[in-house]
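Below is one structure, written out as structure tokens; comments come after it.
Quick caveat: nothing in here was measured; it's all calculated off a predicted structure. Each chain gets a letter, A, B and so on, in the order the sequences are listed, and its residues count up from 1.
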Protein chains: 2
Amino acid sequence: MTSFSVANVSSSNQKDYLDEWEIAVIDLFLNAANSFGLPKSYGQIYGLLFCRDQSLSMDEVMKLLEISKGSASQGLRALRQLGAVSSVFEPGERKEMFVAEIRLRKLVGGFLREQADPHLDKGVGRLKQIESLVNDLEDVDARKRGVCRHEILSGWHRQMSRLLPWVKMIVGKSDRLPQKSSD
Amino acid sequence: MTSFSVANVSSSNQKDYLDEWEIAVIDLFLNAANSFGLPKSYGQIYGLLFCRDQSLSMDEVMKLLEISKGSASQGLRALRQLGAVSSVFEPGERKEMFVAEIRLRKLVGGFLREQADPHLDKGVGRLKQIESLVNDLEDVDARKRGVCRHEILSGWHRQMSRLLPWVKMIVGKSDRLPQKSSD
DNA sequence: TACTTTGTTCAAGTTTTTTTGAACAAAGTG
DNA sequence: CACTTTGTTCAAAAAAACTTGAACAAAGTA
């Protein structure tokens, strides 16, 4: 033997199986994704990357989680869009490699930006539409009721808008936690 | 005529159709329910009750929204469980009548209590399970990585637990908005 | 008791969402 | 250029979520 102990030159030198605890973590994120209204596979992918110190390729994600190419491709894209994973190009690797973002502040921020903010924006338009429909009402009492409801909804909208910045603040505090185990 | 202007003695004396603005509001809540992970019909039901000054029976909800008995029954039950609607027994009415809770603080509080808190509670168990699996690891480096991940997750859990009370606080502030239009 | 009204349950049907995998595009390599 | 590797797309299949309505239970009435 010319070079000892260097198995698997072809594939990247990573574990090609999941530890039991990793399966548990992946399952945890699977459930979390579900309750945030995201596909299970997004949670699985994030969970896997979260567990690993080293970046993984799409191919490794597919094989470790036993999911299809389509799911892996779409899941990684969406997670990157959310800021939950980022891709890196390892030197001498042709594949795109992925790592999980583990700063809660970033995760929450990305989620709010992609999910909550668009809803609030759409809300503005909807409220305007309701307002104009209400103003078209002939009957005075009916209009009074409509105006009242529109005002309530506008108030809620305002409060929600005020809440989001606070959430980002509060979650951001004391993000100082153990970093990667190696490095 | 012995008594003037008292039509519809049999059914409760309510509008039996939806105004255009009410349809828009119902649609708004339909979409909102969706993005909170609740069935569309829950949003529709809440939206309808939100629009009305007077309490509605399950039967009226079914007819106005053109949804089935099953949906109406389950939706109203779930919304009451969430604290988003409450039932009242109008004097001389055998049916149970429903009204919407319009205080945002109550709505948010109920939602967090029913949806977020249970998740956080389950999280405690999951974290313990992960911790014990990690501690079973033989390899020192592998264990170090597992411990690190468990610590990160515990930190996130703690932060989320701290966040919820703040959300309830912030949303509660200045809930002083127009109440019912009549009364 | 027999009848009516009101409300619940749940298996089956419908709709929506998610996943799959084969075809395709893009880019590196010899 | 021909060939390989890597990644995307999207129509169809599978899975999950939601809704329906008929059967049932509970409670009031005559």
Any salt bridge linking [X] with [Y]? Criterion: basic side-chain nitrogen under 4.0 Å from a carboxylate oxygen.
X	Y	result
A/K63	A/D59	yes
B/D136	B/R143	no
B/E151	B/R149	no
A/E60	A/R52	no
B/R80	B/E96	yes

Base, sugar-phosphate, or nothing: which does A/Q74 touch, judged by heavy atoms less than 4.0 Å apart?
base
Nucleotide [N], atom [atom2] - distance to [atom1] of [X] in whole Å:
X	N	atom1	atom2	value
A/M62	C/dT19	CE	P	14 Å
A/Q81	D/dT8	CD	P	13 Å
A/L38	D/dA17	CG	P	14 Å
B/Y42	D/dC18	OH	P	8 Å
A/I67	D/dA13	CD1	P	21 Å
B/D59	C/dT8	CG	C1'	15 Å
A/E90	D/dT5	CD	P	20 Å
A/I45	C/dT19	CD1	C1'	11 Å

Please report how far the helix from C/dT1-D/dA30 to C/dG30-D/dC1 bends, comparing the axis fitted to its first five pairs with the axis fitted to its last five, to the nearest 10 degrees.
0°
In terms of the nearest nucleotide of DNA chain D, which residue is placed more toward the 5' end: B/E66 or A/F89?
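The residue closer to the strand's 5' end, by nearest nucleotide, is A/F89.
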Judged by each residue's nearest nucleotide on DNA chain D, which is more toward the 5′ side, A/G70 or A/N34?
A/G70
Closest-nucleotide mapping onto DNA chain C: is A/K40 or A/R94 further toward the 5' terminus? I mean the 5' end.
A/K40
So, for B/F50 and B/W21, is the gap between ring centers shorter than 6.0 Å?
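No, they do not, as the ring centres are separated by 6.0 Å or more.
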For the side chain of [X], counting heavy atoms from C-beta on, which of [options] is nearest?
X	options	value
A/R77	D/dT9, C/dT8, C/dT20	D/dT9
B/S73	D/dA17, C/dT8, D/dT20	C/dT8
A/S68	D/dA17, D/dT19, C/dG21	C/dG21
B/M58	D/dT6, D/dG28, C/dG7	C/dG7

Side-chain donor/acceptor contact of A/K69 with base of D/dG7 under 3.5 Å:
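Yes, the side chain and the base share a sub-3.5 Å donor-acceptor pair.
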Give me each pair satisfying salt bridge (Lys or Arg N to Asp or Glu O under 4.0 Å) with a member in residues 30-43 of chain B, each pair once, sequence neighbours excluded.
none
Ignoring hydrogens and geometry beyond distance, is a side-chain donor-acceptor pair present between B/S55 and B/E90 at under 3.5 Å?
yes
Can you check whether B/S41 has a side-chain N or O nearer than 4.0 Å to OP1 or OP2 of D/dT19?
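True: B/S41 side-chain N/O within range (under 4.0 Å) of D/dT19 OP1/OP2.
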